[in-house]
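Okay, so here's the structure we're looking at.
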Amino acid sequence: MDDMLHPKSRMPEYFESHPLESPSSPTHNPYSWTYGMEGQDWIKVLGRTPENLKKFDIGISVGALSRSNLPFYRKWATVPATGIYPFDTELAPFSTTTSKEPQTHNRVLIVDVGASQGATMKEIRQAFPQLTGKIITQDLARVVENIPADYLPPELDIHPMLHDFWTPQPVRGACVYYLRRIMHDWPDDLCRKILTHTVNAMAPDSRLLIADVLIPDQVQKEDLYCYWKDLTMLTFAGRERSGADWRTLFESVGLVVVKVWRAEVGTQAVVEGRLREPGGEVE
Ligand SMILES: C[S@@+](CC[C@H](N)C(=O)[O-])C[C@H]1O[C@@H](n2cnc3c(N)ncnc32)[C@H](O)[C@@H]1O
């Protein structure tokens, strides 16, 4: 997004007057400084005009799509929603049509935290029609209240909910908590806050799925996209993470990484976590 290009180009100037270290404050960083809004986080800086936010929300919804019929985009430009985590086989035990467990029928199948308008869940639902069960998408009021009336028809069983992820997760015991392109917006201490709210809502068998770029151990020429993304996130103290970063972050909130699901090409991944000690509460 062009709003984030400008702070990148001004980084040399920024570091003339700021410590030469990786920005770690969500409110004091090249992005907030460039727009004269030091003291505000990226969502406030982005929202300095309603038009800006509108462009962002539309851009996010369009960018949410895998565009799997366009190999170029699959490889370079997007975070594919499908084709990484095998929702159909992995979630079959939770699906209301296949589960033998009666309690599954009342459980929410997926909670998408910070879902924007719900494009990702729409794509997943359409890609795996056999996977039944209620899906909840959560986001801030400005996003939820602007979802077009016909965007999520009732047969999709996708329900938008107003929820601020800095507050306790209200949907408890869902089969899956899904966070896509959320964690990379925030430094570790704030990711821990979001994750702790999620952990405290998880049932012993709930799964946490983080869909983000994965910084590879060995850099290849074609991986440059993930460094471009990392640099973008760095302008407002977010970051892309490696497998080791995820393990450290998960362990710090009582989770374990059970598997990293990688895209066939590119550096998109889904990091799957479960509770380390199912049944316990994190402080
Ligand atoms: C980069 S977008 C990702 C959207 C979606 N997950 C996707 O991948 O298409 C980040 C989303 O987080 C939402 N967000 C930011 N702060 C939030 C908060 N405090 N609570 C809930 N959602 C928030 C934004 O409105 C935005 O939709």
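Order of appearance sets the numbers: ligands from 1, and atoms from 1 within every ligand.
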Practice task
Could you tell me whether Trp42 and Tyr35 have their ring centroids closer than 6.0 angstrom?
Solution key: no
Problem - Trp33 ring center near Tyr14 ring center (under 6.0 Å) - result: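 When the ring centroids of Trp33 and Tyr14 are compared, they turn out to be within the sub-6.0 Å range.
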Ligand 1 to [X] polar contact by distance, N or O atoms, under 3.5 Å:
{"X": "His184", "result": "no"}
{"X": "Phe56", "result": "no"}
{"X": "Arg180", "result": "yes"}
{"X": "Asp164", "result": "yes"}
{"X": "Asp185", "result": "no"}
{"X": "Arg142", "result": "yes"}

Problem - Of all pairs that satisfy salt bridge (Lys or Arg N to Asp or Glu O under 4.0 Å), the ones with a partner from residues 130-153, not counting sequence neighbours - result: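 Only Asp57-Arg142 qualify under salt bridge (Lys or Arg N to Asp or Glu O under 4.0 Å).
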For [Y], is there any backbone N or O sitting under 3.5 Å from a side-chain donor or acceptor partner on [X]?
{"X": "Asp41", "Y": "Pro26", "result": "no"}
{"X": "Gln169", "Y": "Val171", "result": "yes"}
{"X": "Arg241", "Y": "Met183", "result": "yes"}

State the atoms of ligand 1, each with its element, that fall below the 4.0 Å cut-off from a heavy-atom position in [X].
{"X": "Val143", "value": "25 (O)"}
{"X": "Trp166", "value": "19 (N)"}
{"X": "His163", "value": "20 (N), 21 (C)"}

Exercise for the section: Could you tell me whether Asp189 atom CG has more than 12 heavy atoms of other residues or ligands within 6.0 Å of it? Expected result: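 Yes - once you tally the heavy atoms of other residues, nucleotides and ligands closer than 6.0 Å, there are more than 12.
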Practice task
Identify which of Asp41, Ile182, Thr167 has a heavy atom lying nearest to atom 10 (C) of ligand 1.
Solution key: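 Result: the heavy atom closest to atom 10 (C) of ligand 1 is in Ile182.
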Practice task
Return the option from Ala81, Ala211, Gly114, Ala119 holding the heavy atom at the smallest distance from atom 4 (C) of ligand 1.
Solution key: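 It is Gly114 whose heavy atom sits nearest to atom 4 (C) of ligand 1.
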Exercise for the section: Could you tell me whether ligand 1 has any atom less than 4.0 Å away from a heavy atom of Gln138? Expected result: no
Practice task
Would you kindly say whether Thr248 and Asp245 are connected by a side-chain donor-acceptor distance under 3.5 Å?
Solution key: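 Judged by distance alone, the side chains do not pair up.
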